[in-house]
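Here is the structure we will look at, set down as structure tokens.
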Number of protein chains: 2
Amino acid sequence: MFSKACEYAIRAAIFIASESEKDKRASLKDIAREIDSPEAFTAKTLQKLSRSGIITSTKGAHGGFEVKGDLSNTIMISQIVLAIDGDKVYTRCSLGLHNCSEDHPCPFHSRFKPVRNGLQQIVENTSLKDLTSGLVSGDTFLKI
Amino acid sequence: MFSKACEYAIRAAIFIASESEKDKRASLKDIAREIDSPEAFTAKTLQKLSRSGIITSTKGAHGGFEVKGDLSNTIMISQIVLAIDGDKVYTRCSLGLHNCSEDHPCPFHSRFKPVRNGLQQIVENTSLKDLTSGLVSGDTFLKI
DNA sequence: TAAAATAAAGACAATTAGGTCCTTAATTTT
DNA sequence: AAAATTAAGGACCTAATTGTCTTTATTTTA
């Protein structure tokens, strides 16, 4: 579904947002520990999120990553997915046809469409903040 | 979503079923041509389908692959997916947690569940025959 | 100003997925 | 019986993804 990089990115973003709510920056080391991900690889995906403007990074002592302002309310999960995996999750044909469309559908097209659209709706309508609150309340988890 | 191998398997099965309806066997060469897939690689996935009992194969001149009896009515797409990709499409956590469950959910769990279940329902309730009829009638396509 | 702490960046390595090739086995046709 | 046709199987190759390591740049603290 999502690539590993994207999975790490979403989990990392949730952790970073939860720290940002406490006005703390999250260091790469802390992130990797809290989401149980490979540090250097996670760094790469965080760089992409940073370049996409979803998070900001600061070097030096007490540096790290943060979500600026109360932005976590307006950042949608779809933005993270788009930054890392592109839009292929929503657009790709389930049977791998290159030109699958309403006009030229694969045999599975009409049945698969609701699933794909459902996924798209959910990632577009779920904010980073939505996912952060469950973590903060202790109802959801980022590792194991 | 599905692996390439699984995409080819589903497309191949649909073509084979459409030929079986005409009491013809489909040769590997024909299959690869009709679904526009790499021949040798497709052969591997057809071997898996064959070992799983979903299709049967016959060697020698005028041999090839077929769907026996009127089985294409009782073969569900889920069986093909299971034979090639296993059940991870329905079971895997969207954020990659190893033990994600109702008791220990990832932040995306509750939102993602309907999508995953929707997919499962669709592949379990769609038969090979369902997908074959659109092809036979010319309404759906297996390539490009 | 020097040292420490941190992210950025690029080169590299390992793993997995996707794909090819060649030989063998089985069946049919001649 | 010999030749032709087809799938099976194994070894191999390639590309993409995932992951590591080392150096550099930036910032803060001592």
Side-chain angles (χ1 to χ4, degrees), chain A residues 1-13 15-16 19 24-33 35-68 84-86 88-89 92 95-96 98, chain B residues 1-13 15-16 19 24-33 35-68 81 83-86 88-89 92 95-96 98:
Chain A
M1 181 69 70
F2 302 131
S3 69
K4 275 279 166 204
C6 192
E7 291 174 0
Y8 296 147
I10 296 173
R11 285 198 267 152
F15 175 68
I16 294 166
E19 290 293 285
K24 284 196 264 185
R25 290 204 188 101
S27 75
L28 176 60
K29 225 172 74 178
D30 291 345
I31 294 166
R33 181 177 14 85
I35 75 173
D36 191 25
S37 70
E39 198 172 311
F41 187 63
T42 305
K44 303 289 181 191
T45 78
L46 292 180
Q47 285 171 34
K48 285 188 194 162
L49 290 190
S50 175
R51 282 190 223 107
S52 303
I54 295 167
I55 60 177
T56 62
S57 74
T58 319
K59 291 180 180 178
H62 295 109
F65 298 89
E66 66 189 301
V67 177
K68 275 283 171 64
I84 307 295
D85 281 350
K88 58 175 184 283
V89 207
R92 216 174 158 283
L95 299 189
H98 302 307
Chain B
M1 180 71 69
F2 301 131
S3 69
K4 274 282 166 203
C6 192
E7 291 174 359
Y8 296 147
I10 296 172
R11 286 197 267 153
F15 175 68
I16 295 166
E19 290 294 283
K24 284 197 265 185
R25 290 204 187 101
S27 75
L28 177 59
K29 226 172 75 181
D30 291 345
I31 295 167
R33 180 176 15 87
I35 74 174
D36 191 26
S37 69
E39 198 172 309
F41 187 62
T42 306
K44 305 290 183 190
T45 78
L46 291 180
Q47 286 172 33
K48 285 188 194 163
L49 290 190
S50 175
R51 283 190 224 105
S52 304
I54 294 166
I55 61 177
T56 62
S57 73
T58 319
K59 290 180 181 177
H62 296 107
F65 299 89
E66 65 188 303
V67 178
K68 274 283 171 65
V81 173
I84 307 295
D85 281 351
K88 58 175 184 287
V89 205
R92 212 169 163 289
L95 299 189
H98 301 308

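What you are looking at is a predicted structure, and each value in this text was computed from that prediction instead of being measured.
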In whole angstroms, the gap separating C1' of C:dA7 from CZ of A:Arg25 amounts to 12 Å

B:Leu46 has an atom CG; how far is it from atom C1' of D:dG9, in whole Å? 14 Å

With respect to the side chain of B:Lys44, which nucleotide from C:dT6, D:dG10, C:dG10 is positioned closest? D:dG10

Decide yes or no for B:Asp30 and B:Phe15: does some side-chain heavy atom of the first lie under 4.5 Å from some side-chain heavy atom of the second? yes

Side-chain N or O of A:His62 versus OP1/OP2 of C:dT6: is the shortest distance under 4.0 Å? no

Give the nucleotide from the list D:dA8, C:dT28, D:dG19 with an atom nearest to the side chain of A:Tyr8. D:dG19

Give a yes or no answer on whether the side chain of B:Asp85 reaches the backbone of B:Ser3 with a donor-acceptor pair at less than 3.5 Å. yes

On DNA chain D, nearest-nucleotide positions of B:Thr58 versus A:Thr58: which is more 5'? B:Thr58

With a 4.5 Å heavy-atom cut-off, do A:Met1 and B:Met1 have their side chains touching? yes

Using a 4.5 Å cut-off on heavy atoms from C-beta on, say whether the side chain of B:Ile16 contacts that of B:Leu46. yes

Against the side chain of A:Ser57, the closest entry in C:dA25, D:dT18, C:dA8 is C:dA8

Separation of atom CD in B:Glu66 from atom P in D:dT6, rounded to whole Å: 15 Å

Selection: residues 35-43 of chain B, any non-hydrogen atom under 4.0 Å of DNA chain C: B:Pro38, B:Ala40, B:Phe41

Under 3.5 Å donor-acceptor, A:Arg11 side chain and A:Ile35 backbone: yes

Want to settle it: does A:Lys59 or B:Gly60 sit nearer the 5' end of DNA chain D, counting the closest nucleotide to each? B:Gly60

Considering every strand and a 4.0 Å limit on heavy-atom distances, what is the contact class for A:Arg51: base, sugar-phosphate, or nothing? sugar-phosphate

Give the intermediate values and the outcome of salt bridge (charged side-chain N to carboxylate O under 4.0 Å, His left out) for residues A:Glu39 and A:Lys44. CA-CA 9 Å; A:Glu39 198 172 311; A:Lys44 303 289 181 191; over 6 Å; no

Nearest heavy-atom approach of B:Ala9 to B:Leu49 is O-CD1, 3.9 Å

Selection from D:dA7, D:dT27, D:dT18 that lies nearest to any side-chain heavy atom of A:Lys4: D:dT18

Between D:dT18, C:dA8, C:dG19, which one does the side chain of A:Ala5 approach most closely? D:dT18

Heavy atoms from C-beta onward define the side chain here; which of C:dA9, D:dT28, D:dG9 lies closest to that of A:Gln47? C:dA9

